[in-house]
*Asks:* 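Can you keep this structure in mind? I'll have questions shortly.
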Amino acid sequence: MRGTLTAIASKNKTNSPNYDVIVIGSGMGGLVTATQLAAKGAKVLVLEKYLIPGGSAGYFEREGYRFDVGASMIFGFGTQGTTNLLTRALEAVNVSLETIPDPVQIHYHLPQGLDLKVHRDYEKFLEELIAKFPQEKAGIRRFYDECWQVFNCLNAMELLSLEEPRYLMRVFFQHPFACLGLVKYLPQNAGDIARRYIRDPELLKFIDMECYCWSVVPADRTPMINAGMVFSDRHYGGINYPKGGVGQIPQKLVEGLEKAGGEIHYKARVTKILLEKGKAVGVQLANGQQFYAKRIVSNATRWDTFEKLLPPEMMPKSEQKWQQRYQKSPSFLSLHLGVKADLLPPGTECHHILLEDWDNMEAEQGTIFVSIPTLLDPSLAPPDHHIIHTFTPSWIEQWQGLSPQNYQKQKDEAASRLIERLERIFPGLNQALDYEEVGTPRTHRRFLGRDGGTYGPIPGRKLAGLLGMPFNRTAIAGLYCVGDSTFPGQGLNAVAFSGFACGHRIAVDLGL
């Protein structure tokens, strides 16, 4: 691929822009922004510090296994409506990717023997949940049906930049009731809606887990618009795994980017955003090379953007206020396992969540997330073997200040505890191990370039739904942010949304 192995030194000796847009980082938000703009004719350069694209949607290979870096539960590959943002992002640059449908989103293994599956079939899911909580039949239906109301509003309109007045006017005149519906839900959280209809405390805890498994906060801090999207799209577009692994998504987007005339440089670590008269005009790499563009997009976290790539003393007041409302989400302790195939009985689902005590849901290494992508795509592992990717929230402070020996010892002990807990749902796991690799928040920080290894911002306290989330433009002229630090937040489809919005806003600003 053109320009994909090394960063090429710019021969430009002046500050005139060589590019229309420079994107810092090739996470999904950055790549969707870049491909949207390249498809519109913009001259785009993506700068990626690592060897491959994707960030937490990347992959790595070990001894015949291809492991996903992050989660394997993928939304956004549907074939209808407007919320199938990954499908649309690929189509925009004339590439496609084969996907494999998953009939169950999650198999929950929760306290007090609460064991149930979230089936793609909506009625089947409700029937199983109502069977566990028959006294809450009406409340269950009313809550999840209200999630559908939110989703139907979103799914009625093209999802672009809410910062662009002409788009807002056009969408309002085309879909006035959908727009008014979304405005109503903007300041609301899922927990507020759930408590209108449901009283059973264990069922409310289940809904907390339904939110926590993708927002990393309970329902009272999860915006209702986000919940409506996830709780409904899993039944509408469904969960669909990309053949060849999650890393194929960014690889295909890069292929499309280059077909459209864009560039991506790897091993190109941006250390500074260059300013002239308070406006972002370029970037500087670790090796001193400088690139200039009309617009700069940061796919780094807002902490990395405004505290490292820019002088901290230049942090706008709006960012200071944002940091008072939001905090870094935890990173993860990841356990990548290769196991013998006969460990898993027929009917085992791809995705699982394990929690033994409700009080530990948000605790360090409390909730365990499990993905077994080889149940959908066996080609990711050697014959007669499976991948079990386990991850659990962990804060980087737990892994700092350790000697190499103590760091390795702590990793080994943590892995052993996870395997022991997983034996509850996969008896015989320890004896079936073929390969094991442990990643910590330090690993995520090193390879993903994210402050503290965080996977994005979470509300530091209960906020008014999505109203506190910033959009793509920043207080610094010429600088935009994209990814999970911007509206609408975390999740692969959500950051794709932010990429569509960012690309649209910049295209308007550039007159494309």
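This one's a predicted model, so the numbers in the text were calculated from it and none came from an experiment. Computed from heavy atoms alone, side chains included, the values below leave out hydrogens, waters and symmetry copies.
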*Asks:* Identify the residue among T35, V93, V95 that makes a side chain to side chain contact (heavy atoms under 4.5 Å, CB included) with K259.
*Replies:* V95

*Asks:* Closer than 4.0 angstrom, basic N to acidic O: yes or no for K308 and D451?
*Replies:* yes

*Asks:* So, S371 and H352: side-chain donor and acceptor under 3.5 Å apart, yes or no?
*Replies:*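 Checked: S371/H352 side chains show no N/O donor-acceptor pair below 3.5 Å.
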
*Asks:* Is it true that R62 and E436 have a side-chain N and a carboxylate O under 4.0 angstrom from each other?
*Replies:* no

*Asks:* Do the side chains of K117 and E128 get close enough for a salt bridge, i.e. N-O under 4.0 angstrom?
*Replies:*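 Here K117 does not pair with E128 in a salt bridge, since their nearest N and O are not under 4.0 Å apart.
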
*Asks:* Taking atom types as modelled, find out whether T392 and Q365 have a side-chain donor-acceptor pair closer than 3.5 angstrom.
*Replies:*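 Judged by distance alone, the side chains do not pair up.
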
*Asks:* For the residue pair F206 and F125, does the interplanar ring angle fall in the parallel (under 30°), tilted (30 to 60°) or perpendicular (over 60°) class?
*Replies:*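 It falls in the tilted class, 30° to 60°.
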
*Asks:* With no hydrogens and no angle check, just 3.5 Å: does a side-chain donor-acceptor pair link E263 and H265?
*Replies:* yes

*Asks:* Is it true that a side-chain atom of N472 and a backbone atom of V482 form a donor plus acceptor pair closer than 3.5 Å?
*Replies:* no

*Asks:* Quick test of your reading of the model: are E255 and K252 salt-bridged, counting only N-O distances below 4.0 Å?
*Replies:* yes

*Asks:* So, the side chain of T374 versus the backbone of D377: is there a donor-acceptor pair under 3.5 Å, distance only?
*Replies:* no

*Asks:* Quiz question: by atom type and distance under 3.5 Å, do the side chains of Q408 and D412 form a donor-acceptor pair?
*Replies:*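 Looking only at side-chain atoms, D412 and Q408 do form a donor-acceptor pair, the distance falling under 3.5 Å.
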
*Asks:* With no hydrogens and no angle check, just 3.5 Å: does a side-chain donor-acceptor pair link Y236 and T83?
*Replies:*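 No, no side-chain donor-acceptor pair sits under 3.5 Å.
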
*Asks:* Looking at F500, is R88 sitting on its ring face, NZ or CZ under 6.0 Å from the six-membered ring centre and within 45 degrees of the normal?
*Replies:* yes

*Asks:* Run Y50 and Y266 through ring pair (Phe, Tyr, Trp, His ring centres under 6.0 Å) and show every step you take.
*Replies:* CA-CA 6 Å; Y50 194 47; Y266 296 106; 8.9 Å; no

*Asks:* Does any donor atom in the side chain of D68 or Y241 lie under 3.5 Å from an acceptor atom in the other side chain?
*Replies:* yes

*Asks:* For K132, is the NZ atom crowded, meaning more than 12 foreign heavy atoms sit under 6.0 Å from it?
*Replies:*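 Correct, the count exceeds 12.
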
*Asks:* Between the side chains of D359 and K205, is the shortest nitrogen-to-carboxylate-oxygen separation below 4.0 Å, so that they form an ion pair?
*Replies:*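 The answer is no: the pair does not qualify as a salt bridge.
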
*Asks:* Regarding Y122 and D145, is there a side-chain donor-to-acceptor distance under 3.5 Å anywhere?
*Replies:*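 The answer is yes; a qualifying pair exists.
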
*Asks:* Would one find more than 12 heavy atoms of other residues, nucleotides or ligands at under 6.0 Å from atom CD of E420?
*Replies:*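 12 or below, so no.
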
*Asks:* Ignoring hydrogens and angles, state whether a donor on the side chain of E61 or Y59 is under 3.5 Å from an acceptor on the partner side chain.
*Replies:* no

*Asks:* Looking at C211, is its backbone amide N or carbonyl O close enough to the side chain of S215 to form a donor-acceptor pair, meaning the two atoms are under 3.5 Å apart?
*Replies:* yes

*Asks:* Charged N to carboxylate O under 4.0 angstrom, R234 versus E210?
*Replies:*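 Result for this pair is yes, salt bridge flagged.
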
*Asks:* For the residue pair W395 / S331, report whether a side-chain donor-acceptor contact shorter than 3.5 Å exists.
*Replies:* no

*Asks:* Start with the C-alpha distance between F67 and H389, add both sets of side-chain angles, then the distance that settles ring pair (Phe, Tyr, Trp, His ring centres under 6.0 Å), and finish with yes or no.
*Replies:* CA-CA 8 Å; F67 293 105; H389 177 198; 7.7 Å; no

*Asks:* Between the side chains of T454 and S329, does any donor sit under 3.5 Å from an acceptor?
*Replies:*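 T454 vs S329: donor-acceptor pair found between side chains.
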
*Asks:* Could you please spell out the steps behind the ring pair (Phe, Tyr, Trp, His ring centres under 6.0 Å) verdict for F60 and H336?
*Replies:* CA-CA 10 Å; F60 64 95; H336 298 273; 4.9 Å; yes

*Asks:* Looking at E423 and N430, would you say the former's side chain and the latter's main chain have a donor-acceptor pair under 3.5 Å?
*Replies:* yes

